[in-house]
> 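The structure that follows is given in the form of structure tokens.
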Amino acid sequence: TMMALPRASAVLVLFLATLLPPTRRAQDPGMVHYIYQRFQVLEQGLEKCTQATRAYIQDFQEFSKNISAMLGRCQTYTSEYKSAVTNLALRVERAQREIDYLEYLREADVCVESEDKTLAEKLIQEAEEEKKIRTLLNASCDNMLMGIKSLKIVKKTMDTHGSWMKDAVSSSQKVYFLVGSRNKTVWEFANLRAFMEDSTKPAPRKLILTHSWQGTGQVIHRGFLFFHNQGTLNEIIKYNLQKRTVEDRMLLPGGAGRALVYQHSPSTYIDLAVDEHGLWAIHSGPGVYGHLVLTKIEPGTLGVEHSWDTPCRSQDAEASFLLCGVLYVVYSSGGHGPHRITCVYDPLGIVSEDDLPKLFFPRRPRSHSMIHYNPRDKQLYAWNDGNQIIYKLQTKRKQLLE
């Protein structure tokens, strides 16, 4: 290739010479000589470029050989490392099996001891829990319900739903009248006679609350009205009736307020109650017509003292009340009666429905909107189809059935 360059250059010179315009004969040899010298310079440059290219090619070939050798060594090292890692994994696996075997031997030696220790701890926890509950329910109250003696219709109204009550603890004779399942107006009567006879003086006092209640589960305890705040899932408000201000509030835990507490009470999601042991809340557990959840509340601080999952279901239930720490749930078929207590729950485990006679309420045309026990006068206050009712009770000491 390099030998052909001078010949190609000479041919190129002759070709370019033919293209030159005709000049005077004295100038032709000089021009040709000048062009020839320029092409010699170009040939020298091409020769240097060729030599440099050959050097680069040689260097690249040597570099390729070095890279190939290094790759070969890397493959060898990779195989060695892979073999070493595999051997290490096998050794770790053998060591793990030996550790597992030793652990099995150790657990086998202490298995009986661990089971005895776990059982002992469980028994201690159960004993402490039972002691806590007995301390919580330590009021001097050992009565249990044996029957509904009589019914007295105190007042008749046109309102299907509502609640009425006296203060469950204080000696006040005032009667409180709460109409509807969503309202904020409370009527305060001086006594039961004033409530029964509208013309009796003094006239009732009208109290407008700052919040509306939800359902018919309100109670009054030491001058405070406790109710489920409308528009909230599980907020309980403690309202000072004398100052007409909200004293405190709490969120009832355990999924409260997500479902109706009683199937036949279509607006009550949290039912409150008062008995000899204090303030309680009843709500339905998870699921459709779930089991009722019973919660003991400290009325002063609104702190939760304890909660129990009861076996009583909300299906076909219309109301419930507590008497001496025992929950009595009233059921009816289709909400039309007969109204019967068929589920009883005692956190202390003393009273059950097997210990009780058949507990029926006098037949009423519809289900009860509310039934609340008043521990001060030992009666039930109820609302049924617009009628405000008092049920007198027959009770018996629990110890007599033990």
Side-chain angles (χ1 to χ4, degrees), residues 137 139-155 157 161-179 186-196 204 207 213 215-228 236 238-239 241 262 265 268 270-282 294 296-297 299 318-330 339 341 344 351 359 361-362 364 368-384 387-398:
L137 306 179
S140 57
C141 179
D142 55 6
N143 291 330
M144 56 186 293
L145 182 64
M146 296 302 294
I148 311 297
K149 288 199 303 184
S150 63
L151 169 152
K152 179 180 180 180
I153 297 179
V154 176
K155 191 181 185 70
T157 64
H161 300 290
S163 63
W164 73 291
M165 68 210 73
K166 290 183 179 180
D167 193 312
V169 179
S170 71
S171 59
S172 172
Q173 296 299 314
K174 294 179 180 179
V175 175
Y176 295 89
F177 188 57
L178 291 75
V179 179
V186 178
W187 293 95
E188 181 187 271
F189 293 82
N191 49 47
L192 185 60
R193 182 178 178 182
F195 176 67
M196 295 172 61
L207 307 177
W213 64 75
T216 57
Q218 305 84 19
V219 294
I220 295 179
H221 184 280
R222 297 189 186 278
F224 294 97
L225 173 66
F226 295 83
F227 63 91
H228 178 197
I236 306 299
K238 177 182 179 181
Y239 190 87
L241 291 173
Y262 313 117
S265 184
T268 303
I270 297 175
D271 192 13
L272 300 173
V274 177
D275 73 346
E276 291 81 358
H277 295 293
L279 180 64
W280 303 79
I282 306 106
L294 180 64
K296 182 72 172 62
I297 301 174
E318 61 180 68
S320 71
F321 58 92
L322 281 110
L323 188 156
C324 287
V326 179
L327 177 68
Y328 298 86
V329 185
V330 183
H339 312 285
I341 296 174
V344 175
V351 180
L359 298 174
F361 282 80
R364 303 297 304 161
H368 291 83
S369 175
M370 54 80 68
I371 300 177
H372 283 167
Y373 173 70
N374 188 301
R376 187 160 53 90
D377 55 22
K378 313 297 182 184
Q379 299 180 133
L380 295 180
Y381 289 73
W383 188 304
N384 183 286
N387 297 308
Q388 289 72 56
I389 301 171
I390 289 179
Y391 292 109
K392 293 186 177 297
L393 306 177
Q394 178 183 357
T395 60
K396 200 171 187 179
R397 291 174 64 89
K398 297 177 184 178

> Return the minimal non-hydrogen interatomic distance between Val274 and Pro375, and the atom names on each side.
O-CD, 3.8 Å
> Working to the nearest 0.5 angstrom, can you tell me the gap between Leu393 CG and Leu145 CG?
5.5 Å
> Tell me every residue that passes side chain to side chain donor-acceptor pair (under 3.5 Å) with Thr157, counting only those two or more places apart in sequence or in another chain.
Gln388
> List for me each residue that meets ring-ring contact (aromatic ring centres under 6.0 Å, His included) alongside Phe226, sequence neighbours excluded, and say none if there are none.
none
> Supply the atom-to-atom distance Ile297 CD1 to Lys238 NZ, rounded to the nearest 0.5 angstrom.
11.5 Å
> Mind checking what makes ring-ring contact (aromatic ring centres under 6.0 Å, His included) contact with Phe195, not counting sequence neighbours?
Trp164, Phe177, Phe189
> Is it true that a side-chain atom of His372 and a backbone atom of Gln218 form a donor plus acceptor pair closer than 3.5 Å?
yes
> Where do Met144 and Tyr328 land on the side-chain contact (heavy atoms from CB on, under 4.5 Å) test, with the steps shown first?
CA-CA 10 Å; Met144 56 186 293; Tyr328 298 86; 3.9 Å; yes
> Ignoring hydrogens, what is the shortest heavy-atom contact between Ile282 and Ser320? Give both atom names and the distance.
CD1-OG, 4.0 Å
> Indicate yes or no: at least one non-hydrogen side-chain atom of Tyr262 is less than 4.5 angstrom from one of Val330.
no
> Sub-3.5 Å donor-acceptor pair from the side chain of Glu276 to the main-chain atoms of Cys324, do we have one?
yes
> Run the numbers on Leu178 and Trp383 for side-chain contact (heavy atoms from CB on, under 4.5 Å), then give the verdict.
CA-CA 11 Å; Leu178 291 75; Trp383 188 304; over 6 Å; no
> What residues, two or more places apart in sequence or in another chain, satisfy ring-ring contact (aromatic ring centres under 6.0 Å, His included) together with Phe361?
His368, Tyr391
> Can you list the residues that meet the side chain to side chain contact (heavy atoms under 4.5 Å, CB included) rule with Arg376, with sequence neighbours excluded?
Lys166, Gln173, Asn374
> Please give me the minimum heavy-atom distance between Val169 and Asp167, naming the atom from each residue.
N-OD1, 2.9 Å
> In chain order, what residues pass the side chain to side chain donor-acceptor pair (under 3.5 Å) check against Asn387, with sequence neighbours excluded?
none
> Not counting sequence neighbours, which residues clear side chain to side chain contact (heavy atoms under 4.5 Å, CB included) with Asp275? List them please.
His277, Trp280, Leu322, Tyr373
> If you measure from CD on Glu188 to CG on Leu225, what distance do you get to the nearest 0.5 Å?
11.0 Å
> Once side chain to side chain donor-acceptor pair (under 3.5 Å) is applied, do any residues pair with Lys296, and if so which ones, sequence neighbours excluded?
Glu305
> Please enumerate all residues that pass salt bridge (charged side-chain N to carboxylate O under 4.0 Å, His left out) together with Lys155, with sequence neighbours excluded.
Asp198
> Rounded to the nearest 0.5 Å, how far does NE2 of His161 lie from OG of Ser369?
6.0 Å
> Apply side-chain contact (heavy atoms from CB on, under 4.5 Å) to Lys152 and Ser150, showing your working.
CA-CA 7 Å; Lys152 179 180 180 180; Ser150 63; over 6 Å; no
> Would you please name every residue forming a salt bridge (charged side-chain N to carboxylate O under 4.0 Å, His left out) with Lys149, sequence neighbours left out?
none
> Rounded to the nearest 0.5 Å, what's the gap from CG on Leu279 to CD1 on Ile236? Could you check?
8.5 Å
> For Lys378, does the NZ atom have more than 12 heavy-atom neighbours from other residues, nucleotides or ligands under 6.0 Å away?
yes
> How long is the span from the OH atom in Tyr176 to the CG atom in Leu241, to the nearest 0.5 Å?
5.5 Å
> What residues form a side chain to side chain contact (heavy atoms under 4.5 Å, CB included) with Thr268, not counting sequence neighbours?
Thr216, Val261, Ser265, Asp271
> Does Ser172 have any side chain to side chain donor-acceptor pair (under 3.5 Å) partners at least two apart in sequence or in another chain, and if so, which?
none
> Go through it in stages, so that I can follow the logic: the residues are Tyr381 and Val154, the test is side-chain contact (heavy atoms from CB on, under 4.5 Å), and I'd like the CA-CA distance, side-chain angles, deciding distance and then a yes or no.
CA-CA 10 Å; Tyr381 289 73; Val154 176; over 6 Å; no
